[in-house]
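Notes follow the structure.
So you know, we letter chains A, B, ... as the sequences are listed, proteins then strands, and number each from 1.
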Amino acid sequence: MPDNKVLADRLKMFADLSEIKGENPFRLIAYRRVAETLEELDEPVEQMVREDRLTEVPGVGPGIAASLKEMVDTDHWEALDELQDEVPATLLTMLDVPGVGTKSVARFYHELGITDLVQLEACARQGEIRKLKGFGAKQEARILSGIAFLNQRTGRLSIGTGLPAAEALARELSTRLGVAVAIAGSIRRMCETVGNLDLVVASDNAEAIAATLAESGRVTEIEYVETTVVTGKHAAGVEIRVLATNPDEYGSELFRWTGSREFVAAFERQFAAESRAASEDQLFEALGIVPIPPELRESPEVIELSRTNALPHLIEVSDIRGDLHLHSDWSDGHGTILEMATAARERGYEYLSISDHSGGLAIAHGVTVERLRQQRAEIERVNEEIPELRLLKASEVEVHLDGSLDFPDDVLVELDLVVASLHSGLNRSTEELTKRIVKVMRNPHVDIIAHPTGRIIERRPGGSYDWDTVFKVALETGTALEINANPARLDLRDDVARDARRAGVLLTIDTDAHDVRSLDLMRYGIGVARRAGIEPTGVLNTRPLAALLDWLRR
DNA sequence: AACTGAAGAGTTGTGGCGCCGGTGCGCCA
């Protein structure tokens with residue numbers, strides 16, 4: 001029985017293939033809209049089919065309802081099968097290449113007989129692409145560098161998918177077996193992508209573990225490795241490995257299974273004594289050193305910091321007092337200002353920045369100057385309604401190609417907080433990009449640079465800067481750089497965030513939430529900050545409201 | 001394909017950038 005995610009994926013696939021085929025574009029929009037809605041739907045589509053309520057979903061009419069019903073009933077979709085006979089599904093792999101869209105794919109297919117990424121690369125190498133009308137050497141080079149970027153993809157899972165998947169299984173194992181279960185491996189270290197889901201269970205009952213995994217419905221191909229490790233394939237697309245351990249060595253095994261490999265090897269060399277511990281804290285205590293947070297267990301150098309009690313006091317989710325970059329339904333967000341504010345209050349925040357897109361980002365229904373002033377009235381109304389939370393009048397202002405901003409200074413000055421964002425021209429040269437961002441930071445109204453590189457992990461490389469210059473100017477102008485907490489972005493990256501902080505640059509960790517639920521993505525940004533060794537004092541939105549307002553008046 | 005607001009038909013997803021080719025088109029946020 002296909003779940004909502006699978007149904008959404010099939011609708012998207014249908015839309016992409018129809019677009020390559022050259023169908024009515026508005027039909028595709030209809031399919032894609034429903035796909036996006038399904039991904040955020042709380043209720044299983046299957047249940048709605050049973051109760052004949054599908055058309056309650058916005059955007060679902062008779063046509064799409066029939067398709068969804070067919071997929072739920074038969075696990076097949078005739079129309080998609082037929083479409084694939086005309087347009088091979090392998091063509092879709094070419095759409096991953098930045099700068100290659102459906103029109104190009106259709107031409108590669110019809111004019112050169114190319115059906116997948118491998119053939120596209122071969123043809124580009126042989127100079128076949130430039131022979132097509134409308135293409136040239138430059139396009140061909142762009143395609144090749146795009147493919148080179150794609151070839152670096154690891155096939156690893158986003159932490160944004162891996163962590164919740166691991167948590168769900170850990171909960172099931174813990175409930176079922178009544179024992180402690182911990183997430184280990186790269187997920188525990190909050191790496192941006194993860195290759196395996198690793199769990200450690202304080203029970204040597206491997207059979208019960210295997211049975212629970214099987215019953216979860218998320219794990220297949222379950223096998224034993226020796227008698228203490230159960231492995232399987234998780235539905236999210238990675239291997240899952242569960243270690244069954246005696247409770248008296250649960251801590252030491254968790255330590256080993258957390259890694260990194262390099263860190264653990266160095267650690268074991270330095271502390272050669274046989275160590276068994278029921279908890280990690282006991283392990284560290286027995287060695288007489290300060291516990292090392294999992295996020296710092298990459299390079300062995302951190303061991304020395306532990307020995308000398310010089311570890312940073314890492315930031316935690318609970319240190320965050322507000323979110324400074326998010327969206328409401330005034331632009332492309334899905335929640336009203338009141339809904340976002342209520343959710344923020346529920347999370348214990350003191351303040352929240354309503355930073356909808358500026359008018360220049362038209363596809364996101366960017367807010368024009370006129371609507372910005374109307375929005376201000378709404379923000380003031382909600383501020384009165386929820387006195388415990390302070391809403392800041394803000395904007396995510398588009399940066400133009402020349403480094404100028406989408407709103408003139410006399411509009412910016414009316415805002416409490418200005419978040420500046422580059423969304424285009426990110427593949428320009430390092431020099432040009434650095435010059436552009438420096439110009440933005442020198443605008444006295446700009447407070448925060450959002451997702452500075454614009455990368456999308458494993459999908460889009462993002463811009464490159466001369467970071468030393470960026471940090472220098474950020475420090476000089478008092479501009480904060482964002483760690484965007486969305487797991488698809490995590491931008492700044494951990495190592496860049498570390499360098500920024502070392503240079504004295506103030507950071508901010510924001511979710512860029514487009515709906516109420518995404519406010520909870522904060523923990524991924526905190527994960528990046530912790531990996532970067534960052535303390536609460538280095539992060540703007542750990543400050544109390546009064547201190548934040550002081551800073552904004554700087 | 002779906003929605004609106006009419007009883008059939010119009011509208012929905014905008015604007016800038018980059019490349020190619022000499023004015024236009026595809027891609028992307």
Task: side-chain hydrogen bond (donor to acceptor under 3.5 Å, both in side chains) assessment of E396(A) paired with H327(A) - done: CA-CA 9 Å; E396(A) 180 181 4; H327(A) 301 269; 2.9 Å; yes
Task: For atom CD of E398(A) and atom C1' of dT14(B), their distance in whole Å - done: 12 Å
Open item on the list: Using the side-chain heavy atoms of K133(A), tell me which of these nucleotides is nearest: dA1(B), dC28(B), dG21(B).
Closed with: dG21(B)
Open item on the list: Taking the nucleotide of DNA chain B with the nearest heavy atom to each, does G360(A) or G101(A) sit closer to the 5' end?
Closed with: G360(A)
Task: Residue closer to the 5' end of DNA chain B, V57(A) versus R489(A) (nearest nucleotide) - done: V57(A)
Task: Whole-Å distance separating the CG atom of D402(A) from the C1' atom of dG16(B) - done: 12 Å
Task: Rounded C1' spacing from dA6(B) to dA2(B) in Å - done: 16 Å
Open item on the list: I'd like the C1' distance from dT12(B) over to dC17(B), given in whole Å.
Closed with: 24 Å
Task: SB check E86(A) K21(A) (cutoff 4.0 Å) - done: yes
Open item on the list: Mind checking if N427(A) touches a base, just sugar-phosphate, or nothing, with heavy atoms under 4.0 Å?
Closed with: nothing
Task: Heavy-atom pair of closest approach, residues L324(A) and V419(A) - done: O-CG2, 3.7 Å
Task: d(CZ, R33(A); P, dT12(B)) in whole Å - done: 13 Å
- [ ] Have a look at P25(A) and say if it touches a base, only the backbone sugar-phosphate, or nothing, with a 4.0 Å heavy-atom cut-off.
- [x] nothing
Task: dC3(B) to dG13(B) separation - C1' atoms, rounded to the nearest Å - done: 15 Å
Open item on the list: Taking 4.0 Å as the cut-off, does a side-chain nitrogen or oxygen of S104(A) come that near to OP1 or OP2 on dC27(B)?
Closed with: yes
Open item on the list: Check R554(A) with D447(A), please: is the shortest side-chain N to carboxylate O separation under 4.0 Å?
Closed with: yes
TODO: Counting heavy atoms from C-beta on, name the nucleotide in dC19(B), dC28(B), dG15(B) closest to the side chain of R142(A).
DONE: dC19(B)
Open item on the list: If I take atom CZ in residue R436(A) and atom C1' in nucleotide dC17(B), what distance separates them, rounded to the nearest angstrom?
Closed with: 11 Å
Task: Sugar-phosphate only, base, or nothing, as touched by V100(A) at under 4.0 Å among non-hydrogen atoms - done: sugar-phosphate
Open item on the list: Could you tell me how far apart R428(A) (CZ) and dC19(B) (P) are, to the nearest whole angstrom?
Closed with: 8 Å
Open item on the list: Does any part of the side chain of I379(A), heavy atoms only, come nearer than 4.5 Å to the side chain of W330(A), both counted from C-beta?
Closed with: no
- [ ] Decide, applying a 5.5 Å centre-distance limit and a 30° plane-angle limit (both strict), whether F26(A) stacks on dT11(B).
- [x] no
TODO: Taking only Lys NZ, Arg NE, NH1 and NH2, and the carboxylate oxygens of Asp or Glu, determine whether E414(A) and R373(A) approach each other closer than 4.0 Å.
DONE: yes
- [ ] Rounded to the nearest angstrom, tell me the gap between atom CG in N24(A) and atom P in dG13(B).
- [x] 14 Å
Open item on the list: Categorize L401(A) for me: base, sugar-phosphate, or nothing, with a 4.0 angstrom heavy-atom threshold over every strand shown.
Closed with: sugar-phosphate
Task: Per I29(A) side chain, nearest of listed nucleotides dG13(B), dC20(B), dA2(B) - done: dG13(B)
Task: Span that lies between the C1' atom of dC20(B) and that of dC25(B), in whole angstrom - done: 9 Å
Open item on the list: Just to be sure I understand the rule, does I363(A) reach a base, reach only the sugar-phosphate, or reach nothing, if contact means heavy atoms closer than 4.0 Å?
Closed with: base
- [ ] Round to a whole Å and report the spacing from NZ of K103(A) to P of dG26(B).
- [x] 5 Å
TODO: Give one of base, sugar-phosphate or nothing for A137(A), where a contact means two heavy atoms less than 4.0 Å apart.
DONE: sugar-phosphate
Task: Candidate nucleotides dA1(B), dG15(B), dC27(B), ranked by approach to the side chain of T102(A) - the nearest - done: dC27(B)
Task: Same-atom distance (P) from dG21(B) to dG26(B), integer angstrom - done: 13 Å
TODO: Inspect the contact between K69(A) and D52(A) and indicate whether a charged nitrogen and a carboxylate oxygen are less than 4.0 angstrom apart.
DONE: no
TODO: Starting from P on dC28(B), measure out to CZ on R32(A) and report it in whole angstrom.
DONE: 12 Å
